[in-house]
Student: 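Mind looking over this structure? Questions follow.
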Amino acid sequence: VTAREFFAQALLNAPVRVPAGSFNAEWNKATVRKQHNIPDVFCGKVTAYIRGSGGPASDRWKVLYDDGDETEPADTNPELPHVSLQFLRSYHALDNFPEFPGRVASSTAVQSSTEDPIDSDTGDMDSDDESEDEFDEGAPEDDETELVVDGATDEDECLSTPTFNHTFKWSKEHAEVTLDQRVKDGVGTETWNPKLRWDNSDLDDSVMKTGYLKYFLLFFPVLLLPIWATMLQRKGFARYGDSFITGKRRMSVGLLLVWFGIWVFMLLNPGLQRHEYWNATPDKLKLLPNHDLTEVTSLSRHDFDRILSVFSLPTYSDDFEFTSAHSGSNCGPPEGTASPDPLCAVRRFFDACNERWASVFIPGTFLCLDESMFKWLGRFRMPGWMKVGRKPDSIGHELKTLACGACKILFRFELQEGKVPDNLKKYVSNFGATTALVLRMLEGLKGLSYILIADSWFGSTKTCILLLTWGIYSVLNVKTAYRLFPKQRLMEALKPKGKGEHVSFQAEVKMSASRSKTIFGVGHKGPGKMSKKHQKSTGWGPDAVGVPLLLVSSVGTTLPGDDRAYRSHIPDEECPGMMKIVKKSCTQPVVVAIWRLIFHIIDGHNRQRTGTVAMHDVWRTQSWEHRDFGELLMVILVNAENAWKYFDTVGKEFMCLFRADKKVNPRRQFLHNLCYELITNPMLNESDRDNNTFVLGEDADIREDSGGTTTTRGSGSKSKKRARKTIVTEAIGEAATEVEAATIEAEAAAEVLLSLPAP
């Protein structure tokens with residue numbers, strides 16, 4: 001077998017043996033597994049070896065080491081070296097072993113290693129950023145080490161290819177930072193506001209005249225709508241024929257937007273069965289919008305259910321080359337996509353959203369990087385399924401998300417597909433999984449002097465320096481990834497300090513032969529009390545006062561900043577045994593104030609999306625693809641709402657009223673009007689409109705089951721009786737009208753006959 005085939009098989013099965021005489025033969029996976037009883041998992045590693053071929057040498061085992069050498073073991077059952085997954089993946093695409101440029105120094109090092117070198121200092125993709133043991137001292141600390149790795153010195157080359165070629169050493173004493181690094185770089189400390197790029201929106205004048213729909217379509221991948229409607233029409237016609245939509249109408253972009261608007265209507269009025277939304281009375285709708293679904297919508301209940309039964313997202317097609325996910329034509333998958341792709345059902349729509357948001361939105365100075373969860377409690381696991389216990393919605397798809405700190409618009413995300421596929425992504429082999437993810441998220445913002453705020457999952461000294469080489473400043477929380485960070489010294493210096501005090505250490509990072517930049521680590525003691533576990537891990541003891549916060553930063557200063565306001569519970573002297581809330585404040589340096597101002601932005605976005613009523617409460621489905629679309633639709637709705645609040649004049653006025661009177665609800669105002677504009681959108685043609693929308697068609701109740709198929713139920717329910725009564729009443733009325741018309745015609749004919757002269 002070739003090297004490519006060998007290592008491809010080694011990734012799937014371990015250990016792997018190739019029979020003698022078949023070194024150049026076609027590898028048959030099923031035969032090899034059956035003959036040699038290959039287990040699927042072997043101690044979390046892959047043990048690889050090749051048996052020799054030809055003559056007496058066929059009884060010997062050739063052990064493949066990292067440098068490509070062969071050794072002859074002393075016995076027939078040798079102790080084979082454990083080769084890491086990263087090592088095997090690196091060889092996967094090569095046919096000549098010795099030409100691999102990233103070999104480990106020796107086989108002994110590989111054999112004795114107990115951790116995956118993919119990300120030894122920042123943890124793997126499944127690590128917990130909010131670890132309960134925030135101050136674990138298990139990892140080595142390296143606060144005075146010069147780390148030099150091959151890299152580039154030219155600034156343009158650094159911007160294109162990130163490298164870690166920097167020498168630095170932390171100061172031995174506490175050092176205040178009084179000058180912002182941005183001032184040293186000539187950038188200045190001025191900030192800029194986010195902008196919407198309407199010139200890239202691809203929206204016509206009729207949509208731009210709307211007050212709410214234009215914000216929704218600005219963040220929706222609109223170029224997918226035509227091929228999306230065509231795809232649904234094709235599937236609906238194949239299943240239902242001409243009766244797919246009432247009146248033999250074809251699925252169009254306007255009707256698809258109406259379908260989305262009905263979901264928003266249900267989101268505004270939760271608690272009803274799906275069929276009740278078409279005949280609900282005001283007493284059932286506690287918060288009745290300004291429109292009636294039965295009179296305004298162009299889709300009947302059966303139309304809605306039929307569309308739902310065939311609903312799916314546009315996907316990549318292997319018959320075409322990749323051009324752009326957000327395009328109005330068929331497109332192949334991007335380079336590097338697995339085949340077959342387990343996330344094929346949602347990947348193109350996810351990629352199209354990222355492309356759309358990057359083209360229509362320019363974020364402000366401050367960026368927030370954090371996690372979001374798409375909840376999934378279905379019977380069958382989705383690809384990339386994760387359980388993250390620290391999250392309110394802890395089971396489902398996890399996404400790393402990037403948002404603007406000013407207007408709270410989420411403009412980039414990356415789906416976590418699992419440890420193995422995520423570790424094959426860009427930059428991982430060079431910098432580790434966590435740092436690589438940060439670089440991928442900010443790749444399109446290189447050299448623009450943005451300021452990134454992130455929590456401890458993303459925070460490390462290595463990440464801070466690499467972003468600085470790209471012209472991006474950062475303030476990152478550090479908890480467990482403290483290699484190259486003076487954590488122990490900061491904790492020791494911070495222990496005797498009081499609330500609101502801080503300690504900081506500086507380091508001059510040599511970016512090139514003639515250029516250096518300043519980073520600094522700061523420890524701040526905030527109000528509160530640590531848990532017993534944290535007291536033990538820090539070594540501060542039970543009498544410790546305050547909660548430490550450790551940051552590594554390349555921007556800001558340690559000069560006094562805005563005080564931190566917080567609430568505290570103290571005993572109420574007037575009511576013994578009761579507690580009362582008092583407002584207090586705590587001093588903090590500028591860099592800590594910046595971090596606390598921005599770090600919770602995505603958490604607020606997640607609360608807006610999941611809120612008291614979320615899309616997963618309204619859209620109950622057994623299809624994980626439908627769930628992912630529903631959750632991403634909510635992200636688009638929240639983005640549109642936040643854009644309306646920040647950029648629109650009416651939205652700004654509502655926010656002013658909300659600050660003065662909490663009873664004013666800008667969110668509900670926006671969703672009400674957006675729902676109406678979706679249902680009556682200007683893209684509806686005359687053929688799309690149906691004045692008699694409450695026509696039930698055939699006497700059957702079509703619903704979606706767990707597999708997205710349709711089932712036909714009997715007509716014994718009250719709704720069926722009402723439907724039959726309506727049909728009978730309409731038939732009687734039509735018959736009476738016909739009789740009346742015939743009578744009028746007969747009377748007219750009699751008058752004509754009487755007026756004729758007698759023969």
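These figures come from a predicted structure and were not determined experimentally.
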Student: Identify the heavy atoms of Leu218 and Ser201 that sit nearest to each other, and give their distance.
Tutor: CD1-CB, 3.6 Å

Student: Are the side chains of Val638 and Leu410 in touch, meaning some heavy atoms are under 4.5 Å apart?
Tutor: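 Sidechains of Leu410 and Val638: no contact.
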
Student: Can you tell me which residue pairs pass the salt bridge (Lys or Arg N to Asp or Glu O under 4.0 Å) test with a partner in residues 624-637, sequence neighbours excluded?
Tutor: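 Of all non-adjacent pairs touching residues 624-637, those that pass salt bridge (Lys or Arg N to Asp or Glu O under 4.0 Å) are Arg609-Glu631.
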
Student: Only counting residues at least two apart or in another chain, list the ones meeting side chain to side chain donor-acceptor pair (under 3.5 Å) with Lys375.
Tutor: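 Listed in chain order: nothing, the list is empty.
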
Student: Between Met231 and Ile227, is a side chain to side chain contact (heavy atoms under 4.5 Å, CB included) present by the stated rule, with each step listed?
Tutor: CA-CA 6 Å; Met231 179 189 69; Ile227 60 173; over 6 Å; no

Student: Under 30°, 30 to 60°, or over 60°: which ring-plane class applies to Phe654 and Trp644, parallel, tilted or perpendicular?
Tutor: tilted

Student: So, taking the atom named CG in Asp202 and the one named OG in Ser359, what distance separates them when rounded to the nearest 0.5 Å?
Tutor: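 Taking CG in Asp202 and OG in Ser359, the distance rounds to 7.5 Å.
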
Student: Taking only residues two or more places apart in sequence, or in another chain, which ones meet Phe260 in a ring-ring contact (aromatic ring centres under 6.0 Å, His included)?
Tutor: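 Residues passing ring-ring contact (aromatic ring centres under 6.0 Å, His included) with Phe260: Phe220, Trp228, Phe629.
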
Student: Shortest non-hydrogen contact from Leu415 to Asp422?
Tutor: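 Here Leu415 and Asp422 meet closest at O-OD1, 4.2 Å.
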
Student: Side chains of His605 and Asn639: donor-acceptor distance under 3.5 Å anywhere?
Tutor: yes

Student: Judged by atom type as modelled, is there a donor-acceptor pair below 3.5 Å linking the side chain of Arg301 to the main-chain atoms of Arg274?
Tutor: no

Student: Quick check: does any side chain N or O of His616 sit under 3.5 Å from a backbone N or O of Trp376, one acting as donor and the other as acceptor?
Tutor: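 Absent.
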
Student: For Phe411, give me all partners under ring-ring contact (aromatic ring centres under 6.0 Å, His included), at least two apart in sequence or on another chain.
Tutor: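 So Phe411 forms a ring-ring contact (aromatic ring centres under 6.0 Å, His included) with Phe361.
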
Student: Does atom CG of Asp204 have more than 12 heavy-atom neighbours, drawn from other residues, nucleotides or ligands, at distances under 6.0 Å?
Tutor: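 Count over threshold, so yes.
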
Student: Identify which one of Phe311, Phe304, Tyr277 satisfies the ring-ring contact (aromatic ring centres under 6.0 Å, His included) criterion when paired with Trp263.
Tutor: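 Exactly one candidate clears the test, Phe304.
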
Student: Minimum heavy-atom separation for Pro682 to Val207, with atom names?
Tutor: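 Looking at all heavy atoms of both residues, the shortest contact is CG-CG2, 4.1 Å.
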
Student: Can you check whether Lys645 reaches Phe670 side chain to side chain, under 4.5 Å on heavy atoms?
Tutor: no

Student: Would you be so kind as to tabulate the donor-acceptor pairs closer than 3.5 Å made by side chains of residues 335-351, with sequence neighbours excluded?
Tutor:
residue	atom	partner	partner atom	Å
Thr337	OG1	Pro334	O	2.9
Asp341	OD1	Leu343	N	3.1
Asp341	OD1	Arg347	NH2	3.0
Asp341	OD2	Arg347	NE	2.5
Arg347	NH1	Glu417	OE2	3.2
Arg347	NH2	Glu417	OE1	3.2
Arg348	NE	Ala325	O	3.1
Arg348	NH2	Ala325	O	3.4
Arg348	NH2	Ser327	O	3.3
Arg348	NH2	Ser327	OG	3.3
Arg348	NH2	Ser329	O	2.8
Asp351	OD2	Tyr316	OH	2.7

Student: Between His397 and Pro383 (side chain of the first, backbone of the second, donor and acceptor by atom type, cut-off under 3.5 Å), is there such a pair?
Tutor: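 Flag set: sc His397 to bb Pro383 pair under 3.5 Å.
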
Student: So, the side chain of Asn681 versus the backbone of Gly254: is there a donor-acceptor pair under 3.5 Å, distance only?
Tutor: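 The answer is yes, because a donor-acceptor pair under 3.5 Å joins these two groups.
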
Student: I'd like to know if Arg412 pairs up with Glu414 as an ion pair, taking the criterion as any Lys NZ or Arg NE/NH1/NH2 lying under 4.0 Å from an Asp or Glu carboxylate oxygen.
Tutor: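 Glu414 and Arg412: not salt-bridged.
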
Student: So that I know where these two stand, are Trp624 and Phe374 an aromatic pair - ring centroids less than 6.0 Å apart?
Tutor: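 Centroid distance Trp624-Phe374: not below 6.0 Å, so no.
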
Student: Are more than 12 heavy atoms from other residues, nucleotides or ligands located less than 6.0 Å from atom NZ of Lys214?
Tutor: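 Result for NZ/Lys214: enclosed.
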
Student: Check each of Arg667, Arg668, Lys408 against Glu641 using the salt bridge (charged side-chain N to carboxylate O under 4.0 Å, His left out) test, and report the only one that passes.
Tutor: Arg667

Student: Side chain to side chain donor-acceptor pair (under 3.5 Å) with Ser324: which residues, sequence neighbours excluded?
Tutor: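 Expected list: Glu355.
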
Student: Under 3.5 Å, side chain of Asp370 to main-chain N/O of Thr401, donor-acceptor pair present?
Tutor: no

